[in-house]
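For ligands, and for the atoms within them, numbers begin at 1 and follow the listed sequence.
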Amino acid sequence: MRLNDIQLAQFERDGWLLLENLFSAEEIAALMDDVPRIFALRREEVVREKDGETPRTAFAAQNYSEPFRRLGLHPRLIEPVRQILDGPVYLHQFKINAKAAFDGDVWQWHQDYGTWQRDDGMPDSRALNIALFLEDVTTFNGPLMFIPASHKDGVHGAGHDKATTSYPLWTLDQKTVSALAEEKGMVAPLGQAGSVLMFHGNLVHGSPGNMSPFSRTIVYISACHVDNHIRKFQRPEWIAHRDFTPIECLPDDCLVATK
Ligand code: SIN
Ligand code: MN
């Protein structure tokens, strides 16, 4: 799958791009069928909210779920990333975020590349996220919020917030977010299950807690150009991967094929 010139220009200008209904209901079901099992696993990769019960995120699920292994090699996700990053990519991080009904907690304002640079020694922001909505993302269930075009301003200063949620994060302060939002505005891309959202590693983003009765499962692939691989190995391998082999895609029907 290739992005057209208009889509490439939009990503370059805004730092994000929504591709609606890219995966079928059958493909989403193949993935969602395994989600309850994954979130029930008591293993270190499955991080829980502060209550110690509600699933927050399942890191590296490609290593313990066959449908998610296939998704990590899916051409509909990997080819547009290769196109934007202009070359071969490896899988830097893979996670399924739960944002559970009623109990899913906030993701504070941050930039992913800020973390990849500080914690993982990634040399440059030649890396990005491509996310697949496994459930509808609505106004109510904690959609991602972006400051459009904020990827143009490099890495902002950040503080390491270990207190707000169960997962430590390098977060931007209110003054920085206010100034950026005043200048550039804010968007919250919504879409049905099967839609795909790409965003630049430097894009400022966050998401509110989910007080609705609807969960908001999203799976994220963070892909990095192979030349830009991380140099620092302080975080666990299941958070910041150390296999820099270029991804080789499976066939387009891999999620629904029986073999
Ligand atoms: C993230 O920014 O890494 C996750 C945000 C979310 O899933 O809401
Ligand atoms: Mn993020």
Participant: Return the closest protein heavy atom for atom 4 (C) of ligand 1 as residue, atom name and distance.
Facilitator: N97 ND2, 3.2 Å
Participant: Around the Mn ion (ligand 2), how many protein N, O or S atoms are found at less than 2.8 Å?
Facilitator: 3
Participant: Heavy-atom distances under 4.0 Å decide this one: backbone, side chain, both or neither, for R56 against ligand 1?
Facilitator: neither
Participant: Given side-chain contact (heavy atoms from CB on, under 4.5 Å), test W107 with N97 step by step and report yes or no.
Facilitator: CA-CA 10 Å; W107 287 84; N97 281 2; 3.6 Å; yes
Participant: Checking E248 now: which residues fulfil salt bridge (charged side-chain N to carboxylate O under 4.0 Å, His left out) with it, not counting sequence neighbours?
Facilitator: none
Participant: Do S212 and N141 get their side chains close enough for a donor-acceptor pair, meaning under 3.5 Å?
Facilitator: no
Participant: In the protein, what heavy atom is nearest to atom 6 (C) of ligand 1, and what distance, to one decimal place, separates them?
Facilitator: Y220 OH, 3.1 Å
Participant: L144 heavy atoms, cut-off 4.0 Å: which ligand 1 atoms fall inside?
Facilitator: 5 (C), 6 (C), 8 (O)
Participant: State yes or no: are the ring centers of H151 and F199 separated by less than 6.0 Å?
Facilitator: no
Participant: Can you confirm if the NZ or CZ of R56 lies within 45° of the ring axis of Y167 and under 6.0 Å from the centre of its six-membered ring?
Facilitator: no
Participant: Within the 4.0 Å heavy-atom shell around H110, which atoms of ligand 1 are there?
Facilitator: 1 (C), 2 (O), 3 (O)
Participant: Regarding S65 and D34, is there a side-chain donor-to-acceptor distance under 3.5 Å anywhere?
Facilitator: yes
Participant: Would you please indicate if the ring centroids of W109 and H205 are separated by under 6.0 Å?
Facilitator: no
Participant: May I ask you to check whether over 12 heavy atoms, not counting those of F233, lie within 6.0 Å of atom CZ?
Facilitator: yes
Participant: Counting heavy atoms only, which of Q111, H205, K95 is nearest atom 2 (O) of ligand 1?
Facilitator: H205
Participant: What do you reckon, are the aromatic ring centroids of H110 and W170 less than 6.0 Å apart?
Facilitator: no
Participant: Determine whether the side chain, the backbone, both or neither of I218 has a heavy atom under 4.0 Å from any heavy atom of ligand 1.
Facilitator: neither
Participant: To which protein heavy atom is atom 8 (O) of ligand 1 closest, and what is the distance rounded to 0.1 Å?
Facilitator: S207 OG, 2.6 Å
Participant: Please confirm whether the ring centroid of Y90 lies under 6.0 Å from the ring centroid of H241.
Facilitator: no
